[in-house]
Number of protein chains: 2
Amino acid sequence: MPSPDAIKAWARLMRVSRQLMESAEESLKEDGLPPLAWYDVLHELAEAGEGGLRPFQLIERTLFAQYNVSRLLARLEADGLVEKLAVADDGRGQTVRITARGRETRRRMWAVYGRSIADLVGAKLSADELGMVSALLGRLRHPPAAD
Amino acid sequence: MPSPDAIKAWARLMRVSRQLMESAEESLKEDGLPPLAWYDVLHELAEAGEGGLRPFQLIERTLFAQYNVSRLLARLEADGLVEKLAVADDGRGQTVRITARGRETRRRMWAVYGRSIADLVGAKLSADELGMVSALLGRLRHPPAAD
DNA sequence: TCTACATAGATGCAACTGCATCAATTTGTC
DNA sequence: GACAAATTGATGCAGTTGCATCTATGTAGA
């Protein structure tokens, strides 16, 4: 039902993304660093700054499942990488803020993760080709984006 | 350390592939069908024909971890979708062959999975663009391939 | 205000994954 | 042939994920 072209593109997408992700994950593990999911959260929180983020905002940004974020934050808090603050105008919620220790961990993770990205993607394609990949994949998003 | 272009392409690759995979997985679940991993194995076994495949060959083809394949095959066997045969010239090993029931399940999965691929990828990009995606992603593989 | 409903986040339980290791067999070397 | 090393596949255990559900708080309508 899908064209052979579509099947091939799909297969490549699934295989290559899994392979690259596992490779990056492995590099982090070799250096005794936490998994990629932790980086995603620390990254979002670092960008958010002192104001922090509500868990549901993290869910929107990372696309992780709600229960996953809930437990991931519990682990990050247990490791002292983030702190949870009650939020004034909503008794249900909380604000999550990255700690100094969290920023330090993120920095050390980026040293390894960034190198993986550079090696696995940056070194394999030209700037033009990288732009083309971004643009094409952007059109597969939901909702699609062309930038 | 990686260029902004590389970071963006990486981020798109990770997000889009996860999003599409989850979408396809969800469609299967909605129809009461097994997860994608089952399809991958049934697909390889169907292509292999009557001769079947050794588990380690499945590992090479699917890139799943050894323990994962071992347990996945146990579940497939429990469901009667594959059968395990002792192999004559290697007392350690076994040959795994797809059953008629397995072929039927694969067929029903493809009806849903194929539609996902057509909708999520085939309908979003032209044939040329699909070819470009395949070619670019192929260069990210290890080892790289240009086809 | 009282009630129904929506939203934020946590959690018990079952299934699955990753890791390390195991047993069984084969292969290579002397 | 005997023994070390490699290969094939399975499995115990701990950690994680997915699902469903729960509690607590907020919002809207009569």
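Every chain is numbered from 1, with letters handed out A, B, ... down the list of sequences.
In this structure, CG in L125(B) is found 4.5 Å from CG in L140(A), a value given to the nearest 0.5 Å. With rounding to the nearest 0.5 Å, the separation of CG in L20(B) from NZ in K124(B) is 7.5 Å.
Not one side-chain nitrogen or oxygen of K84(A) sits closer than 4.0 Å to the OP1 or OP2 atom of dA8(C). Residue N68(A) places at least one side-chain N or O closer than 4.0 Å to OP1 or OP2 of dG18(D). When the side-chain nitrogen and oxygen atoms of K29(B) are compared with OP1 and OP2 of dC19(D), one or more of them lie within a distance under 4.0 Å. In this model, the phosphate group of dG9(C) is approached by a side-chain N or O of R54(A) to a distance below 4.0 Å at OP1 or OP2.
Checked against dA10(C), dA8(C), dT17(D), the side chain of Q94(A) finds its nearest nucleotide in dA10(C).
Here dA15(C) presents its P atom at 16 Å from CG of L72(B), a figure rounded to the nearest Å. Here the P atom of nucleotide dG18(D) and the CG atom of L28(B) are 15 Å apart, to the nearest Å. In this structure, E30(B) atom CD and dG18(D) atom C1' are separated by 16 Å, rounded to whole Å. What separates CG of L58(B) from P of dG9(D) is a distance of 9 Å, to the nearest Å. Rounded to whole Å, atom P of dA10(C) lies 12 Å from atom CG of L76(A). Distance I59(B) CD1 to dA10(D) C1': 11 Å, rounded to the nearest Å. Going from atom CG of L53(B) over to atom C1' of dT8(D) covers 15 Å, rounded to whole Å. Taking atom CG of L73(A) as the reference point, atom P of dA8(C) lies 15 Å away to the nearest angstrom.
The closest donor-acceptor contact from the side chain of T95(A) to the backbone of G52(A) lies at 3.5 Å or more, if one exists at all. Remark: the backbone N or O of Q94(B) is paired with a side-chain donor or acceptor of R54(B) at under 3.5 angstrom. Without hydrogens or angle criteria, E25(B) side chain to L36(B) main chain gives a donor-acceptor distance under 3.5 Å.
Contact annotation for R71(B): base contact, defined as any heavy-atom pair under 4.0 Å involving a base atom.
Ring orientation note: the planes of W110(A) and Y39(A) are close to parallel, at an angle under 30° on the 30°/60° scale.
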Under 3.5 Å, which N/O atoms of the protein pair with N/O atoms of nucleotides 20-25 of chain D?
{"from": "dT25(D)", "atom 1": "O3'", "to": "G91(A)", "atom 2": "N", "distance (Å)": "3.3"}

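With salt bridges taken as basic N to acidic carboxylate O contacts below 4.0 Å, none links R101(A) and E104(A).
Between F56(B) and D89(A), the residue whose closest nucleotide on DNA chain D is further toward the 5' end is F56(B).
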